[in-house]
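Okay, so here's the structure we're looking at.
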Amino acid sequence: MATLAEFVASAAHLEMGLTSSAHPDDLAQGRPVDGSIDGVAGPELDASALALLTDYVRFLAPTGRGPAPAGWNDAQVAAGERIFSAIGCAACHVPSLVTGSAAPPPLREREVAFYSDFLLHDMGPALADLCTPGAGSRELRTEPLMGLRLRDLLLHDGRTTDLRRAIELHDGEARAARDAFGGLGAGDREALLAFLRTL
């Protein structure tokens, strides 16, 4: 989606079944159906409600970093962060980006620790999936690692709960970083994983 407003209107429609002026048709299994099926006159979200929902999402605060995992100290986590960069993970999982100058004043030119470049990358055949418009089946957007410690399911399709396994499934453009991770000593690997558990 090109704008947050488009994303919110589309998510409200496709994920929650709420109609708006942007998406006026009621859907069942992805197909338009008679609007009387749910007994609610449309649009269910008027322009004002959609704008308020968009602003709510726009101004959600970033999650920030969490504490060092049990059994780890801040110095060990910092070492894991340096390893993350040294082996190439930060090439795609860019630690921070700066918001644009056109953003609303509270969000203008702010550094945010997304840990993503938000670009499409060839991730190899093991992660190939249904592609989004403009992407091939092996091309996936770099998943932001911000908030990683709050997630149970990992990768774009939630196929694993194990951080080590998620890294091992990286391929294609991420192969060199994955192989470098595999070549680390056990202590360095665990320090990198401890760092990831703070995001």
Side-chain angles (χ1 to χ4, degrees), residues 1-66 92-94 96-161 166 169-170 172 199:
M1 301 291 165
T3 69
L4 184 60
E6 288 175 311
F7 172 80
V8 168
S10 180
H13 190 232
L14 297 175
E15 304 297 330
M16 299 189 298
L18 299 172
T19 58
S20 66
S21 59
H23 298 281
D25 295 323
D26 280 305
L27 299 178
Q29 297 181 347
R31 295 192 173 95
V33 295
D34 177 4
S36 66
I37 194 168
D38 63 5
V40 178
E44 293 156 319
L45 293 175
D46 63 18
S48 175
L50 202 52
L52 287 169
L53 183 57
T54 299
D55 282 345
Y56 169 76
V57 172
R58 181 184 324 278
F59 291 104
L60 287 171
T63 58
R65 293 277 291 270
C92 298
H93 291 285
V94 176
S96 67
L97 298 172
V98 177
T99 61
S101 59
L107 304 178
R108 191 172 292 152
E109 297 176 357
R110 302 286 182 153
E111 186 173 344
V112 182
F114 290 115
Y115 286 89
S116 176
D117 60 8
F118 294 103
L119 298 176
L120 292 174
H121 294 280
D122 177 347
M123 294 299 292
L127 293 179
D129 204 344
L130 297 174
C131 58
T132 57
S137 63
R138 294 166 46 136
E139 293 179 306
L140 300 171
R141 176 185 58 96
T142 304
E143 187 66 26
L145 299 181
M146 180 175 69
L148 181 64
R149 73 183 188 285
L150 305 173
R151 295 183 219 152
D152 293 325
L153 302 176
L154 305 174
L155 296 173
H156 69 286
D157 56 4
R159 73 175 64 186
T160 186
T161 59
L169 286 167
H170 282 56
L199 297 182

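For the residue pair Asp117 / Thr142, a side-chain donor-acceptor distance below 3.5 Å is found, with atom types taken as modelled.
The closest donor-acceptor contact from the side chain of Thr99 to the backbone of Glu109 lies under 3.5 Å. Arg110 places a side-chain N or O within 3.5 Å of a backbone atom of Pro106 that can act as its donor or acceptor partner. Counting only distance, with no hydrogens or angles, the side chain of Glu15 and the backbone of Ala12 share no donor-acceptor pair below 3.5 Å. No donor-acceptor distance shorter than 3.5 angstrom exists from the side chain of Arg141 to the backbone of Phe118, with no hydrogens or angles considered. Side chain of His93 to backbone of Tyr115: a donor-acceptor contact under 3.5 angstrom is found. Checked by atom type and distance alone, the side chain of Thr54 pairs as donor or acceptor with a backbone atom of Leu50 at under 3.5 Å.
In this structure the side chain of Glu44 never reaches within 4.5 angstrom of the side chain of Ser20, judged on heavy atoms. Side-chain atoms of Tyr56 and Leu52, non-hydrogen and from C-beta on, never get closer than 4.5 Å to each other. Side-chain contact check for Pro104 versus Arg58: some heavy-atom pair is nearer than 4.5 Å. Between Thr161 and Leu154 there is no side-chain heavy-atom pair separated by less than 4.5 Å.
Around CZ of Phe59, the count of heavy atoms belonging to other residues, nucleotides or ligands within 6.0 Å exceeds 12.
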Check: What do the steps show when you test Leu127 against Arg138 for side-chain contact (heavy atoms from CB on, under 4.5 Å), and what is the final call?
Finding: CA-CA 7 Å; Leu127 293 179; Arg138 294 166 46 136; over 6 Å; no
Note to self: Please determine whether side-chain contact (heavy atoms from CB on, under 4.5 Å) holds for the pair Leu155 and Glu143, giving the CA-CA distance in whole Å, both sets of side-chain angles, and the decisive distance to 0.1 Å.
What the structure shows: CA-CA 8 Å; Leu155 296 173; Glu143 187 66 26; over 6 Å; no
Notebook entry, point to check: Between Leu153 and Thr160, does a side-chain contact (heavy atoms from CB on, under 4.5 Å) hold up when you go through it step by step?
Noted result: CA-CA 6 Å; Leu153 302 176; Thr160 186; over 6 Å; no
Check: Taking it one step at a time, do Arg149 and Leu199 satisfy side-chain contact (heavy atoms from CB on, under 4.5 Å)?
Finding: CA-CA 6 Å; Arg149 73 183 188 285; Leu199 297 182; 5.7 Å; no
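Note that the CG atom of Leu169 and the NE2 atom of His156 stand 10.0 Å from one another [nearest 0.5 Å]. Considering CG of Leu107 and OG of Ser101, their distance stands at 12.5 Å, rounded to 0.5 Å. Atom CG of Leu140 sits about 8.5 Å away from atom CG of Asp122, to the nearest 0.5 Å. Annotation: the span from Asp55 atom CG to Leu4 atom CG amounts to 8.5 Å, rounded to 0.5 Å. The distance from atom CD of Glu139 to atom NE2 of His121, rounded to the nearest 0.5 Å, is 10.0 Å.
Here the closest non-hydrogen pair linking Pro62 and Met146 is CB-SD, 3.7 Å. Of all heavy-atom pairs between Leu45 and Ala49, the closest is CD2-CB, 4.1 Å. Between Pro144 and Ser116 the shortest heavy-atom distance is CA-CB, 3.6 Å.
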